Amino acid sequence: MSAAPGPHRRTERLLLCRPAATDLDAMYAIHADPATNRYNPTGPVADRSAAAGMLDGWIAHWERHGFGYWTVRAVTDAEVLGFGGLQRTDVDGERVLNLYYRFGPRAWGKGHAAEMAQAALVLADELGTGEPVVALVRDTNLPSQRVATRAGLTATGTIDHGGVPTLVFRRVDPTGRMPQQRPAGADSARR
């Protein structure tokens, strides 16, 4: 299946696009950069083949679910700034919408990740599945913790993820309560 024409979403400064095979160069450049993987326990992707496998998985998620991680581009010139969005996964046996963001160093410190995260939360509301939105962030990754907090997520615990302590940030509803946790497979008909 080919990528949908144009952006999936648009924010004030970002085009949030369904990933396509043509994004491989940017995918590899960002995910192979040691600077963008400073807090990643597995480190940078090993080679273009590994990046292609990751990209293929993201595209397959879109085909199965109709949403997924985006290629994030600048509105002004369509330059790829990074990747991020929501993807269904299991965290400690719970089906969740994982909020992911990884941007190239040139995009850091400009609020792009938080802007993309806000759009992802709007998407989560529109999906209406009741699946909690979580972000898994290394306990030492203060910049990503700030993004999660700015997006309205709250650190609710620590798990071992990839062999390292990882904070679980979870979206709270407007009243400050945690959304109910759903057991894995509770809504398998929606997958």
Side-chain angles (χ1 to χ4, degrees), residues 1 3-4 7-11 14-19 23 27 30-31 39-42 54-72 81-103 111-139 141 143-162 166-191:
M1 183 181 281
H8 179 256
R9 304 243 166 191
R10 182 182 174 134
T11 68
L14 305 174
L15 301 174
L16 307 174
C17 304
R18 182 176 176 157
D23 294 325
M27 174 84 154
I30 290 172
H31 288 85
Y39 301 103
N40 184 351
T42 60
M54 185 184 315
L55 183 59
D56 288 346
W58 292 2
I59 292 169
H61 186 279
W62 269 91
E63 290 172 354
R64 277 191 313 276
H65 301 287
F67 72 95
Y69 297 152
W70 293 303
T71 300
V72 181
L81 302 173
F83 297 87
L86 297 174
Q87 191 164 290
R88 276 198 177 106
T89 193
D90 291 320
V91 173
D92 272 3
E94 179 185 18
R95 177 59 60 150
V96 300
L97 296 174
N98 183 61
L99 175 62
Y100 172 80
Y101 37 91
R102 185 169 309 243
F103 286 75
H112 296 308
E115 187 172 331
M116 183 282 312
Q118 288 298 323
L121 294 177
V122 169
L123 173 62
D125 292 341
E126 291 170 359
L127 291 171
T129 64
E131 294 163 300
V133 176
V134 302
L136 302 178
V137 180
R138 285 281 306 275
D139 62 341
N141 189 343
S144 285
Q145 290 178 35
R146 284 191 292 272
V147 170
T149 300
R150 283 182 64 195
L153 280 66
T154 302
T156 60
T158 303
I159 62 171
D160 179 58
H161 185 73
T166 302
L167 295 170
V168 177
F169 281 80
R170 185 176 290 270
R171 183 181 190 187
V172 296
D173 75 18
T175 66
R177 295 180 308 223
M178 292 291 163
Q180 283 193 326
Q181 291 189 1
R182 300 169 68 98
D187 63 340
S188 58
R190 288 194 171 118
R191 284 186 229 151

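No experiment lies behind these values; they were computed from the predicted model shown. Heavy atoms only: backbone and side chains are in, while hydrogens, waters and symmetry mates are out.
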Check against side chain to side chain contact (heavy atoms under 4.5 Å, CB included), E131 and V96: CA-CA 5 Å; E131 294 163 300; V96 300; 5.9 Å; no
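- In this structure, CG in L86 is found 13.5 Å from OH in Y100, a value given to the nearest 0.5 Å.
- Using a 4.5 Å cut-off on side-chain heavy atoms (C-beta onward), F103 and V147 make no contact.
- In this structure, the separation between OG1 on T89 and CG on N98 is 6.5 Å, given to the nearest 0.5 Å.
- A distance of 10.0 Å separates CZ of R95 from OG1 of T129, quoted to the nearest 0.5 Å.
- Here the closest non-hydrogen pair linking L55 and P19 is CD1-CB, 3.8 Å.
- For R138 against T166, the heavy-atom pair with the smallest separation is N-CG2, 4.2 Å.
- Using bins of under 30°, 30° to 60° and over 60° for the plane-to-plane angle, the ring pair W58/H31 lands in the perpendicular bin.
- In this structure, S144 and V137 approach most closely via the heavy-atom pair CB-CG1, 3.6 Å.
- Put simply, the side chain of L123 reaches to within 4.5 Å of the side chain of E126, judged on heavy atoms.
- Without hydrogens or angle criteria, W62 side chain to Y69 main chain gives a donor-acceptor distance under 3.5 Å.
- Heavy atoms only, all atoms of each residue included: R171 and A124 are closest at NH1-CB, 4.1 Å.
- Residues passing the side-chain contact (heavy atoms from CB on, under 4.5 Å) test with N40, sequence neighbours excluded: N37, T42, R102.
- Contact of the Y39 side chain with the P143 side chain is registered, since non-hydrogen atoms from C-beta on lie closer than 4.5 Å.
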Verdict with reasoning, F67 to R18, per side chain to side chain contact (heavy atoms under 4.5 Å, CB included): CA-CA 8 Å; F67 72 95; R18 182 176 176 157; over 6 Å; no
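- Using a 4.5 Å heavy-atom cutoff, the side chains of L167 and Q145 are in contact.
- Side chain of H65 to backbone of Q87: no donor-acceptor contact under 3.5 angstrom is found.
- Proximity of T158 to D139: side-chain heavy atoms (C-beta onward) are nowhere separated by under 4.5 Å.
- For R150, the side-chain contact (heavy atoms from CB on, under 4.5 Å) criterion is met by A114, not counting sequence neighbours.
- No side-chain heavy atom of R9 sits less than 4.5 Å from a side-chain heavy atom of M116.
- Residues R170 and P132 approach most closely at NH1-CB, 3.3 Å, considering heavy atoms.
- A donor-acceptor contact under 3.5 angstrom links the side chains of T71 and D23, judged on distance only.
- Contact detail for L81 and I30: the closest heavy-atom pair is O-CD1, 3.8 Å.
- Counting heavy atoms from C-beta on, the side chains of R10 and L15 come closer than 4.5 Å.
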